[in-house]
Amino acid sequence: METHKAKRVAIIIEAPMERRLTDALAAAGVTGFSILPVLGGSGKSGQWSREGQLGRSGMMQVVCIIRPERLDDLLQAAFKVVERHMGVVTVSDCEVLRAERF
Amino acid sequence: METHKAKRVAIIIEAPMERRLTDALAAAGVTGFSILPVLGGSGKSGQWSREGQLGRSGMMQVVCIIRPERLDDLLQAAFKVVERHMGVVTVSDCEVLRAERF
Amino acid sequence: METHKAKRVAIIIEAPMERRLTDALAAAGVTGFSILPVLGGSGKSGQWSREGQLGRSGMMQVVCIIRPERLDDLLQAAFKVVERHMGVVTVSDCEVLRAERF
Amino acid sequence: MDGILALAANNLLSPIILSFALGLFAALARSELTIPEAVAKGLSIYLLFAIGFKGGVAVSDNGLDAKLIWTLVAGGVLSFVLPLIAFLLLRILSRLDAVNAAAVAAHYGSISIVTFVAGTSVLQSSGIASEGYMVAVAAVMEAPAILSALWLISRGSDGGRMDAGLWREILLNGSIVLLVGSFLIGAATGQKGLSEIGPFIVAPFKGVLCLFLLDMGLVAGRGLRNARGTITIGLLAFGILMPLISSMIGLVAGLILGLSLGGVVLLMVLSASASYIAVPAAMRVAVPEADPAVYLTLSLGVTFPFNLTLGIPLYLAVASTFIGG
Amino acid sequence: MDGILALAANNLLSPIILSFALGLFAALARSELTIPEAVAKGLSIYLLFAIGFKGGVAVSDNGLDAKLIWTLVAGGVLSFVLPLIAFLLLRILSRLDAVNAAAVAAHYGSISIVTFVAGTSVLQSSGIASEGYMVAVAAVMEAPAILSALWLISRGSDGGRMDAGLWREILLNGSIVLLVGSFLIGAATGQKGLSEIGPFIVAPFKGVLCLFLLDMGLVAGRGLRNARGTITIGLLAFGILMPLISSMIGLVAGLILGLSLGGVVLLMVLSASASYIAVPAAMRVAVPEADPAVYLTLSLGVTFPFNLTLGIPLYLAVASTFIGG
Amino acid sequence: MDGILALAANNLLSPIILSFALGLFAALARSELTIPEAVAKGLSIYLLFAIGFKGGVAVSDNGLDAKLIWTLVAGGVLSFVLPLIAFLLLRILSRLDAVNAAAVAAHYGSISIVTFVAGTSVLQSSGIASEGYMVAVAAVMEAPAILSALWLISRGSDGGRMDAGLWREILLNGSIVLLVGSFLIGAATGQKGLSEIGPFIVAPFKGVLCLFLLDMGLVAGRGLRNARGTITIGLLAFGILMPLISSMIGLVAGLILGLSLGGVVLLMVLSASASYIAVPAAMRVAVPEADPAVYLTLSLGVTFPFNLTLGIPLYLAVASTFIGG
Ligand SMILES: Nc1ncnc2c1ncn2[C@@H]1O[C@H](COP(=O)(O)O)[C@@H](O)[C@H]1O
Ligand SMILES: Nc1ncnc2c1ncn2[C@@H]1O[C@H](COP(=O)(O)O)[C@@H](O)[C@H]1O
Ligand SMILES: Nc1ncnc2c1ncn2[C@@H]1O[C@H](COP(=O)(O)O)[C@@H](O)[C@H]1O
Ligand code: NA
Ligand code: NA
Ligand code: NA
């Protein structure tokens, strides 16, 4: 089947920052994204898990599929929000069906 | 360690269509997949979140790791189900351990 | 924006093995990972879903972003845990922002 | 008239309605307050189980009424016929195309179990009895409307919107199975069963309902916020006119069936209420091209609060003038 | 004999059993009805807390019985010994290999707390008292069976299946900690504590149990549906014979210990019941090559419903003939 | 003195405190026992709804007290001023930098609603009445401390830490909206409302509180385990000294306001308690460079258990000597 090149950006970020991130994406013209739950993890700031979480906010993952030429706008917008905060931003190549939707 | 080339297909689809999708996959001979939750997102049909969701069905993500030569069968089967519905289908390259299991 | 090459390892594993896997990762010097929920799936051992699950433990997904040169250590450590157990290990290429954090 | 107003005012000041208002306010004010999805589902399982069980116990107390069968049949017919009326009304009042109009119509033939529960709770505080089997009528009314709407859509064109899977999903959807199942359990175990689990399903019932309505207020409020622009004046008018029309048809049916005052009111409430769980899921599968924002906002954002606040007291007042309290 | 039948019929018509049946039906009919995992866990936390607490209060009322220690020891021994018998029986009745047979056997040495709760609930409606510390016996019986099964598997071969982590996980698994912890809290706070939290853990208990059993019916039904083919006639026979044998061994132990009628029945129920939470998790870690479909379907799909419906009334009837109601 | 000890001992032996201890033990022993996040949120929604509603009903019973406004104002001032004292004390007792010290200080100006609930529950078992509007005071005290801490941080430098979004999030955070909302519902519906939902929010309240404190014990225990090394002796001293100081300031405020004995105790408890939900979330957004392990461990791992076990009885004893029980 015919597929088109796209980029998949995955941003793991603290839950209290979620709305700020999606607002920033929207402002940068990125209107397609999905939010996935994260149950726990480990990083520089130690280990955490949603169920044993003090304050219980934890982290989320925001996933965006975008056309390659829009990538830099998105990263710039995301970076401004993530900058001072915990979080991991990854980009990978993918192909999409129904590219006209993006 | 030895790894083998494979394809990772991720299909975001409305929850009421989940069983139809996995049935279609099974019919196309795809017996390995995992279902991941999606908490919310945004797209052409606007923004939604599982907790504020009217009707509360939301979307799910089905992820399949398959051998490259089986990709087209899978996409064809998936496309028939997703065709008229909301949803995003992406394909990316990956490597798997223990390829004999696929 | 400037990004750096990295590997994304995703390990789907039975929930009772989660702690053993993350302990093994830590022992191999992998301190960054995230744990994502899996709601259900299908594989050699048949179909399951978290809500209809006998015994109700199900599976989880552990995702690690690591520098390419550390990949083999990680896979070796993971393989020892996954070896006799159900589970899928995939590796894919990605790019990361803020590589100094890894 | 004074009676209606007093009843409505009294209803509006109940913790149940105010909890809904609180949720609505919180969502419209963009508060982060949310009820976890699992908890909301848990609350709805509790409510369905309790309401079904109590209905079954009532039937086991009063014995099987001869009217039972006819009322069930009437429920099925109402559920099938009301969407046709809704469809016509929508074509007159709004500019929705046929597919969207039919999808909306399906919701108004089916029912909202929470509106039903709110109705029983108003009856109860007014000391009015009703037929226990009205719960079973509610279950019967869930599905036929879907069939009727799909027929509206596929007149002349392909009828391929229903597959066997969808049928099973609709008829065995969680709320029907739980409602009918707990109804049968209540009918089988009667007062003895009730004495065992009564402290769980009777005393705390209204309190649980408050939390559930808090959640429904939150969800309706978020829906309204996102749907700005979707709901035209015409649609708004439909969302209020339609339950009034349906309830009158329900009234006529109830009078013909010879139900008690409480039974008539509940049949009016069921007719007037619109689905927001079972039907939307079926529409997503069978009519994906219809816009969920339209039917969900109308059903949950307009008709549900209307019934909850003004509709139920009104139906009770109207029925009382016909039957006499 | 008539007494047994009446008791069994009475038991079968309780809301608790019927809720299980409803769940079973819904799952076998492929209804979408589900109880969210978090809610099911919440219900089980409630049940464990309530049952433990009430057991502790009973002990604080009656004082520490001299038999307590011996009953705990007997529980531990039973849990260790029953798997050996189960293993032999499986090798006779089925074609399971040694590893799978041992894994199944582990489940039958351990216990099911819901079966225990159902047992106490039958005793209660028959007005039969029992030793409060039987809850502690339940906790003691959870783990030794695992050890015994691992010994069966590793005879002669490597004993490397147990690591320290697994030990800690088994002994400190959620249900043991919660059961023992709430037992101690109940024992420490006694009637005074009960008067504070009684309205939460006593009155609504049976109703919550209904919802929990609805969920267990759903889970067991889905398991049975997926396991077509896994369960042979031989395994089916094992799933019914084994609880009968275990309960008789429990009976003898109870008589030797000199427990009350209620205590004997509960020891029979514990012996006859099979684990479906703690042991499966341990087996996935230590014996991953064993097929979970076999042990889970047997334990939850065969033995659990058998005990719930016929087993418990039978054990009560048998014990009554030995002790006299 | 004997009275204090007896009170403290009595408090320590309540199911509520022991449930917290059980959770703490389970987490420190690395048991897998967990309460699902959705269930814990559900429990906290129940508690907030119940406590707010009951406060509102109390106000509707006793009428609006002239002191109400002044007490609300005093609460706001306390919440704003206590962080300044906490900040000074931290700079003396510990080596935290200004940013971390201010972040910790914010928590101690704000409040812990569970500590408040535990306080009301001790008052209740001692038969001491209190002003119903103390719930509203609790709501008022949640937010000002955040402002005060952000001012401490941005003195001289950029004040750009607060955006409009953050303000809305803080003022409309879930617990404030639910507490104030259910308070108003309780005030509007009064005894009539209470008679409808009382069986849900009164009788089971303490039992639900036990499960909630079990979860808080688990969370605090995991936090303590992960935070080894973060908490120095100086910080530990702060975590115990600060609530003592705050409660004395609360005492003075309460005496000046002329509150009843119960009201004074609750104002002391509110002053002494530290936030672990609203403030941490705000700090993550506005002060991401502060280490959450420090403020969360202090608030939930040190001050919360101190208040729960020794603090509350102590505050009651002190207030009694001033007002006379
Ligand atoms: N290398 C990584 N791979 C996957 N997830 C990570 C990685 N590093 C950090 N994370 C996630 O991001 C969270 C915060 O990371 P950190 O800021 O490094 O403490 C962790 O708790 C993980 O959930
Ligand atoms: N570009 C995208 N990247 C990630 N997820 C998307 C994207 N577009 C849509 N989605 C997801 O698919 C859902 C439906 O999309 P749509 O049909 O465009 O409204 C959205 O709510 C998102 O959860
Ligand atoms: N090809 C696959 N793609 C994605 N997930 C898989 C795949 N194979 C197995 N899984 C997941 O791993 C679980 C166990 O697989 P198995 O060991 O093959 O039964 C399945 O239930 C799925 O959740
Ligand atoms: Na209707
Ligand atoms: Na057993
Ligand atoms: Na404070």
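Residue numbering restarts at 1 for every chain, and letters A, B, ... go by the order of the sequence lines. The analysis underlying the following values was restricted to heavy atoms, covering all of them including side chains, and did not include hydrogens, waters or symmetry mates.
- The minimum heavy-atom distance linking E:V177 with F:A26 is given by the pair CG1-CB, 3.8 Å.
- Side-chain contact between F:I16 and E:I197 is absent, with no heavy-atom pair separated by less than 4.5 Å.
- Minimum interatomic distance between F:A203 and E:P199 (heavy atoms only, all atoms of both residues): O-CB, 3.5 Å.
- Contact residues of residues 119-127 of chain F toward chain E are absent (heavy-atom distance under 4.5 Å).
- Heavy atoms of F:V208 lying under 4.5 Å from chain E belong to its backbone as well as its side chain.
- Contact of the F:L22 side chain with the E:L178 side chain is registered, since non-hydrogen atoms from C-beta on lie closer than 4.5 Å.
- With a threshold of 4.5 angstrom between heavy atoms, F:L13 approaches chain E through its backbone and through its side chain.
- For E:S182, the part lying near chain F is the backbone, with the side chain staying farther off; criterion is any non-hydrogen pair under 4.5 Å.
- For chain E, the nearby part of F:L214 is the side chain; its heavy atoms alone come within less than 4.5 Å.
- Looking at heavy atoms from C-beta onward, F:L209 lies out of side-chain contact with E:E196 at the 4.5 angstrom threshold.
- With rounding to the nearest 0.5 Å, the separation of SG in F:C210 from CD1 in E:I201 is 8.5 Å.
- Side-chain atoms of F:L18 and E:T189, non-hydrogen and from C-beta on, do get closer than 4.5 Å to each other.
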Which pairs of donor and acceptor atoms, one on a side chain in residues 102-118 of chain E, lie under 3.5 Å apart (sequence neighbours left out)?
residue, atom, partner, partner atom, Å
E:H107, ND1, E:A103, O, 2.7
E:Y108, OH, E:L298, O, 3.4
E:Y108, OH, E:T303, OG1, 2.5
E:S110, OG, E:E142, O, 2.8
E:S112, OG, E:T115, N, 3.1
E:S112, OG, E:T115, OG1, 2.5
E:S112, OG, E:Y276, OH, 3.4

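- When all heavy atoms are compared, the tightest approach of E:E169 to F:E32 is CG-OE2, 3.2 Å.
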